[in-house]
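Throughout, residue positions are numbered sequentially from 1 according to the sequence presented. What you see below is based on every heavy atom in this structure, not just the backbone, and it leaves out hydrogens, waters and symmetry mates. All ligand and atom numbering here is 1-based and tracks the order in the structure.
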Amino acid sequence: MNSSAESRLNLLLATSNDTLWLWDMQQDATQFGSPWRSMLGIADGAPLGNGIDEWLNRVHPDEHPRVSQALQQHISGITPLFECEHRLQHQDGSWRWVLLRARCLRDEAGRAVEMAGSFTDITEHKVLDPYTRLPNRILFLDRLERSLSRLRHARNHVVAVLNLRTHLAQGYAELLSHDQMTQLARTLGERIASEIRPWDLVAQFSDMEFSVLLEMVATTDDLPAIFKRLLEVLRKPIQIDDNLVSVHVAIGAADSTVIASNEEQLLRAAESAAALAQEHGDNQYVHYDPSTQDKLSRRLRFESELLRAIEDAAFEPHFQPILHLDDGRLAGFEALVRWPRAGGIVNPDDFIPVLERQGLISQLTWIMLQKSLVSHERWIAAGLIPASSRVSVNFPPEQLQDPGLVGLLRVMLDNVGVATSRLKVEITERSLVSDSGMVQQTLLALDEAGIEVALDDFGTGYSSLSMLHRFELDNLKIDRSFVSALEESAQACSITRAIVGLAAASSLTTTAEGIETVPQLRHLRSYGVTFGQGYLFSRALPADDVARWVSEDLPRLQRLFTELASEGG
Ligand code: C2E
Ligand code: MG
Ligand code: MG
């Protein structure tokens, strides 16, 4: 090498973070470049071990076997290059990540006599998120391992791990660019840090997931206050350029009074608790105890059975009759889903939110449509119920966003030989607020196909009067909460009357939900409500019970209507 090349090389080495390394294998003598000391915190005058052990003794025990094996393979000539990532212990007990690259020099017989190479400190790249520069899972586990080992010497405090899962409200995730998501994560990280002590650690595990290590908690009684503060501070809206966004949070926590032996297990416990907190809904926390794992396993079993039930179309419609409120004639049925499961029948409120989260809810609609329409058609064909009867099926909001929905409905109805006019679609106000124009088009297409649309649970959501004009609707379903209050609350009476007036002004019919008593029925008839359903008439019936209800219960109910008519009520 000429002298200018040599001086360039020296300059490069002096400015790089790499430590050059030479090992005379016959003498077992090693030489390390000066960055070795600074990388590992070894004081300038302190002696270095003079042999391969200076390096090998610092290798993390978990990685020792892998490193030794790779070294042997290279020495024996199996691999052309010795390259391996591993951790080395710093003088302060922490771990540095290094990338070792080396090659043997061999004598004429091919025996390795010398090895030369370099160590590159890759800790930063390995342990920090590349965008937010927050510590990642690797660094978190390193720190947690050290705090658990300190705990073994001084058992006078508690180490706690928190796993925080945040998510943006629907629609916002698509709105933010990658840079804005980074900005959001940074802000969330800062807010978390502001609620804990300077020596505690905040790490980022993914875009919106964080973990916190609380190293010196006096007692577990102190923890709930911290969870509540974190929930509060994270829920406050965040300004990201022109957008004001807010996040939902679930916190899971686990502490060393329950698991102290292993950092991975303690973190996993906090993660399980966070998964459970998410199940409980937004802005909840769960503190791990031995039953958490059980609950989570039960939940996972439930979810996998649910998945199987969708594949096997194992859901059954039950049918709740809907009557004309003027004379008690049968107007149709609402199909309400039931899941027959080994432990008994499961009601929709217990599994519909899960199906929504899993994105499987529209598959349920198709199962319900198929099964309920086929049964209903059979009853008409058998002369059991009038040909004017309709089946109402509940549609989730996202289904109305599907531009192909009405086309698919036509094909499906055609396949089972059922006229479109037999179907009534129930949607909720939630479908209408997220409107993008698509919902408007879908409702128009349903109207053109002769399929009526009812707005379910009217008055409980975000209804605005403008919706009734903007969207093609046929019927308003007055929520059960108004109906059940009719007997005690003058306000419920006036609201109900107002809804009926509003509907009439928009040429819509009305259906009262949840009628349980004759006095409620009297009120609703006097306001001119068109249809009604509720336990007074019938609960939702399995398909096999409908014939009996029609022959035994319906005539009894019609006598009740005749009596009411003769009272003039
Ligand atoms: P919804 O569509 O408002 O259905 C009415 C609910 O009120 C039904 O509960 C029904 O059994 C109940 N109900 C009817 N009359 C009375 C009464 O007189 N008193 C009382 N206390 N309750 C009454 P269910 O079957 O548990 O359904 C709950 C909700 O689950 C439904 O509310 C609907 O939003 C949803 N759901 C049911 N089936 C389906 C389905 O196939 N697909 C979808 N996406 N959602 C469904
Ligand atoms: Mg409904
Ligand atoms: Mg309803």
Side-chain angles (χ1 to χ4, degrees), residues 306 309-310 313-323 325 331-340 344-373 375-376 390-402 405 423-431 452-461 463 473-487 496 499 510-521 523-524 529 531-543 545 549 553 557:
L306 193 56
I310 283 279
F315 299 97
E316 291 298 333
H318 279 199
F319 295 84
Q320 185 172 42
I322 300 176
L323 302 186
L325 288 197
F333 298 88
E334 178 170 4
L336 293 159
V337 63
R338 297 292 181 265
W339 177 23
I345 288 182
V346 190
N347 281 323
D349 290 340
D350 293 329
F351 63 85
I352 285 191
V354 184
L355 287 177
E356 280 178 345
R357 256 202 318 278
Q358 294 178 334
L360 296 171
I361 189 71
S362 59
Q363 297 193 41
L364 173 71
T365 315
W366 291 108
I367 297 170
M368 288 294 287
L369 281 165
Q370 172 100 22
K371 292 195 175 182
S372 60
L373 285 162
S375 294
H376 184 253
R390 288 179 181 251
V391 181
S392 302
V393 174
N394 292 281
F395 275 55
E398 51 271 39
Q399 210 142 12
L400 303 175
Q401 303 278 358
D402 175 3
L405 174 71
L423 173 64
K424 202 162 179 169
V425 165
E426 290 196 10
I427 65 171
T428 62
E429 291 159 315
R430 211 151 48 95
S431 317
E452 286 193 358
V453 177
L455 187 55
D456 208 349
D457 308 335
F458 186 73
T460 56
S463 335
L473 300 168
D474 300 282
N475 176 264
L476 291 188
K477 296 195 77 170
I478 305 166
D479 190 67
R480 192 174 79 220
S481 55
F482 300 114
V483 174
S484 64
L486 286 176
E487 286 166 80
T496 308
I499 295 176
T510 43
T511 305
E513 298 186 279
I515 309 172
E516 293 185 354
T517 67
V518 174
Q520 287 166 359
L521 178 58
H523 276 283
L524 294 162
V529 175
F531 306 106
Q533 64 188 96
Y535 294 170
L536 177 64
F537 305 153
S538 172
R539 291 182 178 248
L541 302 162
D545 290 357
W549 179 85
D553 292 357
L557 286 164

TODO: Report the part of T428 in contact with ligand 1, treating N, CA, C, O as backbone and CB onward as side chain, heavy atoms under 4.0 Å; options are side chain, backbone, both, neither.
DONE: neither
Task: Min N/O separation Q533 to ligand 1 under 3.5 Å - done: no
TODO: Classify the contact between V393 and ligand 1 as side chain, backbone, both or neither, using a heavy-atom distance cut-off of under 4.0 Å.
DONE: neither
Task: Nearest non-hydrogen partners of S375 and F319, listed with the distance - done: CB-CZ, 4.1 Å
Task: Heavy-atom nearest neighbour in the protein, as seen from atom 4 (O) of ligand 1, with distance rounded to 0.1 Å - done: L336 CD2, 3.5 Å
Open item on the list: Is E334 close enough to the Mg ion (ligand 2) that one of its N, O or S atoms comes in under 2.8 Å?
Closed with: yes
Task: Proximity to ligand 1 by part of I515, non-hydrogen separation under 4.0 Å - done: backbone
Open item on the list: How large, to 10°, is the angle at the Mg ion (ligand 3) when you draw lines to OD1 on D457 and to OE1 on E513?
Closed with: 80°
- [ ] Could you find the nearest protein heavy atom to atom 39 (C) of ligand 1 and give me its residue, atom name and distance?
- [x] V337 CG1, 3.5 Å
Open item on the list: Can you confirm, on distance only, whether ligand 1 has an N/O atom lying under 3.5 Å from any N/O atom belonging to L364?
Closed with: no
Open item on the list: My understanding is that we take every heavy atom of each candidate and find the minimum distance to atom 24 (P) of ligand 1. Doing that for A335, A512, P348, P397, which one comes out nearest?
Closed with: P348
Open item on the list: Checking the N or O distance criterion of under 3.5 Å, is ligand 1 in contact with Q320?
Closed with: yes
Open item on the list: If I consider every N, O or S atom in D456, which one ends up closest to the Mg ion (ligand 3)? I only need its name.
Closed with: OD1
TODO: Check whether any N, O or S atom of N394, backbone or side chain, sits closer than 2.8 Å to the Mg ion (ligand 2).
DONE: yes
Task: E426: its N/O/S atom lying closest to the Mg ion (ligand 2) (atom name) - done: OE1
TODO: Just need the protein heavy atom nearest to atom 12 (C) of ligand 1, so name the residue and atom and give the distance.
DONE: R480 NH1, 3.8 Å
Task: Nearest-option assignment for atom 41 (O) of ligand 1, heavy atoms, candidates M368, Q520, E426, E516 - done: M368
- [ ] Check the pair R480 / E513 against salt bridge (Lys or Arg N to Asp or Glu O under 4.0 Å), numbers first and verdict last.
- [x] CA-CA 5 Å; R480 192 174 79 220; E513 298 186 279; over 6 Å; no
